[in-house]
Protein chains: 2
Amino acid sequence: MARGFVTAEEVAKKAGVSRSAVSRTFTPGGSVSKAVRRKVLKAAQELGYRVNRLAQGLNNDRSNLIGVVGANLSSPFISKQLDLLSIGLLRRGLQCLLLNAADARKDIAPLIELLFEFRAQAIVVLSGEPPASIVDECIANGVRLILINQRLDRTDTNMVLSDDSHGADLAAMRLVAAKCRKVAVVSSGSQTPAQLRRAGAFTQRMTVEGIEVVPWSGGPTSYDSGYQAGRELLADKSIDGAFCVTDLLALGFMDAARLEMGRRVPEDISIVGFDDIPQAGWKSYQLTTVAQSFDALTEKVLTALDSDEPETRLQVVPVSMVERITAR
Amino acid sequence: MARGFVTAEEVAKKAGVSRSAVSRTFTPGGSVSKAVRRKVLKAAQELGYRVNRLAQGLNNDRSNLIGVVGANLSSPFISKQLDLLSIGLLRRGLQCLLLNAADARKDIAPLIELLFEFRAQAIVVLSGEPPASIVDECIANGVRLILINQRLDRTDTNMVLSDDSHGADLAAMRLVAAKCRKVAVVSSGSQTPAQLRRAGAFTQRMTVEGIEVVPWSGGPTSYDSGYQAGRELLADKSIDGAFCVTDLLALGFMDAARLEMGRRVPEDISIVGFDDIPQAGWKSYQLTTVAQSFDALTEKVLTALDSDEPETRLQVVPVSMVERITAR
DNA sequence: GTGAAAGCGCTAACAT
DNA sequence: ATGTTAGCGCTTTCAC
């Protein structure tokens, strides 16, 4: 109790009107006469009144809060996503309640539980896979759930994801075009569904093409893991191509290749990444990579927020090859 | 109205107890008998009840919401900060209401206004300078305001910042030790207070040392701006040192120097950055830089959240030189 | 157009 | 330890 904020009651008193007149003044469709509105606005101004959204939400069951849960918020990919998303939400008059899962492997159920308590209108999951029970609860409670780059085997929730398998295919074909004979496919140890899809589709395609694939995975999704992969894999002199399922891995791999393992890129080895994070375009790297469209992804999430068309439940966003200089 | 969520009333009915018994069961210090508690918990479980934090907050004036406003959420520095902060808040049982200012130059007043409406308990500003009127309002309304890397000329609000001038000094001394004769100091066009302090302190020190300083500033705080700076400045063959007030700028500058302007680093030119973002440690760069302690910064912010010691209002966090290979 | 009154879901002071 | 009662600040019928 006893806080500094001014209430509508006080404003009403000062303006000499009823408490509901004040409410109406601040409600978009409220019917108030010019005269009253002016008086109210004046009093509110002088008192420094601002509506209490908590009370407002309690009343009409619209908290205006959108829960966002994600891990590794400082990774280039996630942070870019969060950046765009938070801008888009704000633009739509929605607030972003951010919950950091800290670690993608962690169970995000308790976080979503927390979002329920805040009566979030919708929940956007940037990373981590919610258990089926939580998905059910979302539906039961009328909370829209939107999963990014996550493909659950159900049709009753919103999923927005990049076309991983097609992307992996593009990467495969690019390495085929580079005339690679033996390629590495590197992913992190935290086998996220997206990474698994990419590695799987790539391997499958390469097998069809009759090209030998050497899989590697380990560590978190980071530059260091990629570097480590490079050190270990490139002891094998015959590897002349690599698909890293994430740009961060690719950048680390590339540095290991050039700086420690004495390979020239792309002369000795062709490298293709996935994501197209800003760093992939830096002059020291100029990584050839499969680009996810951050804008399109965000756009789809935003529209999924209000539209309830069942047919737009699963949105696959196209990817594209960004040709730079790391593949022959 | 008409939402799926279960209320305490329904739980009470099902458990055959009063509505307050339910409330007490879910309140840490509530005095309830084992028996009642069990009944309540059981009913709550079956019904899928969860407290409504909005209502809870409305009651005891503790929204549990901490407003966080920042711009350029995808930049390495800010995103790292946000990552740590959001983890810390969650750990303390606080929720993070994120507002993206999109652009550091934008006025953040309306965003803070919005946070008032949500009755945020405290507001953390990662970037952007709040106008004095807003600061006053925070104080008037009992909302703690914490500014990061922002030094306002007042003693009634919390500021947590890295020791920019000492850091700039370290950078200067490092370039002196590298025997530079003519050094560039590059900052972005969005002259943030922190950047101004760094550039200012650096220039001052160099002037004392009798070393010529060539200032450059332009563009946003980005890799590209740094690159641009490199291209323009290094037409001057006599520049043999550079202090970039931000790592992102330094990385771009370095690439321009090596890859386009034919300079060897550090043989021909010594480069020192500021921040110590993850990319500064990447093998292709290995930037010598002044490190801000993200952990210490976050730690101070977190403690500033609850402690109200006036003497801890201005917290200056020490910085340190990270010696890598870009300075002779 | 405006005010009175009820109610959103919860907590806390007051009895018992 | 438990139930009753009175709010928290707001929106929304419902009369007028």
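In what follows, chains carry the letters A, B, and so on, assigned in the order in which the sequence lines appear, proteins first and then strands, with residues in each chain numbered from 1. Everything numeric here is computed off the predicted structure, so don't read it as measured data.
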| task | Flag the pair R53(A) and E117(B) as a salt bridge only when some basic side-chain nitrogen lies within less than 4.0 angstrom of an acidic carboxylate oxygen. | result | yes
| N-O pairing of D103(A) and R105(A) below 4.0 Å | no
Can you tell me how far [atom2] of [N] sits from [atom1] of [X], to the nearest Å?
X: E9(A); N: dT11(D); atom1: CD; atom2: P; result: 13 Å
X: N60(A); N: dT12(D); atom1: CG; atom2: P; result: 6 Å
X: R62(B); N: dC10(C); atom1: CZ; atom2: P; result: 18 Å
X: L54(A); N: dT11(C); atom1: CG; atom2: P; result: 13 Å
X: L58(B); N: dG9(D); atom1: CG; atom2: C1'; result: 5 Å
X: F118(A); N: dG9(C); atom1: CZ; atom2: P; result: 17 Å
X: N52(A); N: dG9(C); atom1: CG; atom2: P; result: 16 Å
X: N64(A); N: dT11(D); atom1: CG; atom2: C1'; result: 15 Å

| Closest contact, heavy atoms only, F118(B) versus L65(B) |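 Distance-wise, the nearest heavy atoms are O-CD2, 4.0 Å.
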| task | Specify the closest pair of heavy atoms between S162(A) and V316(A), including all atoms of both residues, with the distance to one decimal. | result | C-CG1, 4.4 Å
| task | Using the side-chain contact (heavy atoms from CB on, under 4.5 Å) rule, take R154(A) and R313(A) through it: C-alpha gap first, then chi angles, then the decisive distance, then the call. | result | CA-CA 10 Å; R154(A) 43 195 304 169; R313(A) 285 287 165 64; over 6 Å; no
| task | Begin from the C-alpha positions of Q195(A) and T221(A) and carry the test side chain to side chain donor-acceptor pair (under 3.5 Å) through to its verdict. | result | CA-CA 10 Å; Q195(A) 293 197 17; T221(A) 305; 3.0 Å; yes
| query | Among residues 10-32 of chain A, which contact DNA chain C at a heavy-atom distance under 4.0 Å? | reply | V17(A), S18(A), S20(A), A21(A), R24(A), S31(A), V32(A)
| Neighbours of DNA chain C within residues 37-44 of chain B, by heavy-atom distance under 4.0 Å | none
| task | With sequence neighbours excluded, tell me which residues meet side-chain hydrogen bond (donor to acceptor under 3.5 Å, both in side chains) with K13(B). | result |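 side-chain hydrogen bond (donor to acceptor under 3.5 Å, both in side chains) check on K13(B) returns nothing, list empty.
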| message | Over the length of the helix from dG1(C)-dC16(D) to dT16(C)-dA1(D), how much do the five-pair end axes diverge, rounded to 10 degrees? | response | 40°
Sequence neighbours excluded and cut-off under 3.5 Å, please list the side-chain donor-acceptor pairs for residues 76-95 of chain B, or say none.
from   : atom 1 : to      : atom 2 : distance (Å)
S79(B) : OG     : S75(B)  : O      : 3.0
S79(B) : OG     : P76(B)  : O      : 3.3
D83(B) : OD1    : N100(A) : ND2    : 2.6
D83(B) : OD2    : S74(A)  : OG     : 3.2
S86(B) : OG     : N100(A) : ND2    : 2.9
S86(B) : OG     : L82(B)  : O      : 2.8
S86(B) : OG     : D83(B)  : O      : 2.9
R92(B) : NH1    : L302(B) : O      : 3.3
R92(B) : NH1    : D306(B) : OD2    : 2.9

| message | Within the supplied structure, the quantity of interest is the number of heavy atoms (other residues, nucleotides, ligands) at a distance under 6.0 Å from K42(A) NZ; does it exceed 12? | response | no
| query | With sequence neighbours excluded, what pairs up with K14(B) under the salt bridge (Lys or Arg N to Asp or Glu O under 4.0 Å) test? | reply | E46(B)
| task | Look at the side-chain N and O atoms of Q56(B) and state whether any lies under 4.0 Å from the OP1 or OP2 oxygen of dT11(C). | result |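 For Q56(B), the contact criterion (side-chain N or O under 4.0 Å from OP1 or OP2 of dT11(C)) is met.
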| query | Nearest nucleotide by nearest heavy atom, which residue falls closer to the 5' end of DNA chain D, A55(B) or V36(B)? | reply | V36(B)
| task | Could you pick out which residue, R50(A) or A35(B), lies toward the 5' side of DNA chain D when each is mapped onto its nearest nucleotide? | result |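 Mapping each residue to its closest nucleotide by heavy atoms, the 5'-most match is A35(B).
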| Exam field: side chain Q121(A) to backbone N64(A), donor-acceptor pair closer than 3.5 Å |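 Looks like yes, one N/O pair under 3.5 Å.
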